[in-house]
Amino acid sequence: ADPRNLAAYLQLGPAQTAAGALADAEATYRRAAALDATSAAPHILLGNLLLARRDPAQALDAYQAAISAEPGNVAAYIALGNLYRQDKRFDEALAQFQTAQALDPGAGWAWEAAANVQRQQRKLDEAVTLYEEALRRDPRRANAVAALIGIFRGWRALPEIRPSTARRRF
């Protein structure tokens with residue numbers, strides 16, 4: 001990668017990850033982060049890699065560095081919130097998602113992420129409200145639709161619909 005081209009590093013890192021060269025990908029993301037101190041993207045990608053490598057402490061540092069580098073980057077708050085959710089630090093996760101909601105009120109993914117926290121805690125009424133809000137803001141949120149179907153199936157004992165049987169039924 002060109003040592004001055006952030007975009008090249010941000011393309012090289014995922015390719016290295018896909019090839020299983022995780023140490024190389026980590027080094028690439030660290031070089032990218034050093035190249036542009038105002039970009040959250042290399043820190044987020046580094047955090048995702050570290051989380052996949054089961055290093056949540058370093059992933060936390062990377063996500064916090066992303067927020068420091070670019071405080072208006074919604075993806076950084078979503079990533080940090082998802083880390084907290086995975087660690088069952090639900091209040092902290094919700095706080096990150098609420099910050100993301102405030103930064104980009106038109107996007108549905110922050111509401112969907114908050115709904116996932118509520119669903120994980122079995123607060124299904126709250127989860128439904130948040131999934132519906134996610135879909136109101138972005139009707140393309142397929143995971144929100146799937147989550148709502150799962151919740152409603154559990155509440156109302158709806159029959160399971162598989163793609164193979166859906167064509168015959170509808």
Side-chain angles (χ1 to χ4, degrees), residues 10-11 13-14 17-18 25 29 33 38-166 169-170:
L10 296 181
Q11 292 173 1
T17 300
Y29 294 139
T38 65
S39 178
H43 297 288
I44 295 168
L45 292 169
L46 175 61
N48 293 347
L49 174 68
L50 293 167
L51 197 55
R53 290 171 66 186
R54 303 198 190 314
D55 191 345
Q58 281 197 28
L60 175 66
D61 291 342
Y63 295 143
Q64 289 173 332
I67 290 169
S68 293
E70 195 176 342
N73 188 301
V74 173
Y77 292 95
I78 298 289
L80 181 56
N82 282 330
L83 173 67
Y84 288 145
R85 180 177 69 87
Q86 188 174 339
D87 200 28
K88 295 183 177 27
R89 294 164 60 179
F90 300 123
D91 291 339
E92 292 168 276
L94 287 171
Q96 298 306 312
F97 299 143
Q98 288 166 351
T99 300
Q101 291 166 358
L103 287 170
D104 189 358
W109 64 329
W111 276 264
E112 182 179 322
N116 291 336
V117 171
Q118 300 295 12
R119 184 177 186 198
Q120 187 173 350
Q121 296 179 86
R122 308 301 298 161
K123 296 179 179 179
L124 299 181
D125 287 327
E126 294 90 339
V128 166
T129 299
L130 288 164
Y131 284 129
E132 288 173 340
E133 186 62 27
L135 289 167
R136 188 181 73 72
R137 291 167 188 275
D138 182 359
R140 299 167 297 171
R141 304 294 320 160
N143 289 336
V145 172
L148 284 169
I149 290 170
I151 290 169
F152 291 141
R153 182 176 293 129
W155 277 348
R156 297 189 177 92
L158 294 175
E160 183 173 343
I161 298 175
R162 293 188 181 101
S164 61
T165 60
R169 290 185 181 183
F170 301 106

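We use all heavy atoms of the structure for the numbers below, so side chains are in, but hydrogens, waters and symmetry mates are not. The first residue in the sequence is number 1, and the count goes up from there.
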Notebook entry, point to check: Is there a side chain to side chain contact (heavy atoms under 4.5 Å, CB included) between L51 and Q86 once you walk through the steps?
Noted result: CA-CA 10 Å; L51 197 55; Q86 188 174 339; 3.6 Å; yes

Give every donor-acceptor pair under 3.5 Å between a side-chain atom in residues 65-79 and any protein atom, sequence neighbours left out.
residue	atom	partner	partner atom	Å
S68	OG	Q64	O	3.2
E70	OE1	A40	N	2.8
N73	OD1	A75	N	2.9
N73	OD1	A76	N	3.1
Y77	OH	P71	O	2.9

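- The two residues G81 and A93 have their closest heavy-atom pair at O-CB, 3.3 Å.
- The CZ atom of R85 sits 10.5 Å away from atom CG of L94, with the distance rounded to the nearest 0.5 Å.
- With values rounded to the nearest 0.5 angstrom, E112 atom CD is found 9.5 Å from L148 atom CG.
- Taking all atoms of both residues into account, the shortest heavy-atom contact from W111 to D104 is CZ3-O, 4.0 Å.
- With sequence neighbours left out, E126 forms a salt bridge (charged side-chain N to carboxylate O under 4.0 Å, His left out) with no residue at all.
- Minimum heavy-atom separation, L83 to A59: CD2-C, 4.3 Å.
- Taking a cutoff of 4.0 Å between a charged side-chain nitrogen and a carboxylate oxygen, D87 and R89 qualify as a salt bridge.
- Among all heavy-atom pairs drawn from H43 and A33, the shortest one is CE1-CB, 3.4 Å.
- A salt bridge links E133 with R137: the distance from a Lys NZ or Arg NE/NH1/NH2 to an Asp or Glu carboxylate oxygen falls below 4.0 Å.
- Nearest approach of A114 to Q101, heavy atoms of both residues: CB-NE2, 3.9 Å.
- The distance from the CG atom of D125 to the CG atom of L130 is 11.0 Å, given to the nearest 0.5 Å.
- With a 4.5 Å cut-off on side-chain heavy atoms, L124 and Q118 do not count as touching.
- Counting only heavy atoms from C-beta outward, the side chains of F90 and K88 approach each other to under 4.5 Å.
- Between Y131 and N143 the shortest side-chain heavy-atom distance does not fall below 4.5 Å.
- Inter-residue side-chain proximity for V117 and Y84 is flagged as unmet; no heavy-atom pair is nearer than 4.5 Å.
- When all heavy atoms are compared, the tightest approach of P42 to Y29 is CB-O, 3.7 Å.
- Looking at L45 and T17, their side chains never come closer than 4.5 Å, going by heavy atoms from C-beta outward.
- With rounding to the nearest 0.5 Å, the separation of CG in L50 from CD in Q58 is 5.5 Å.
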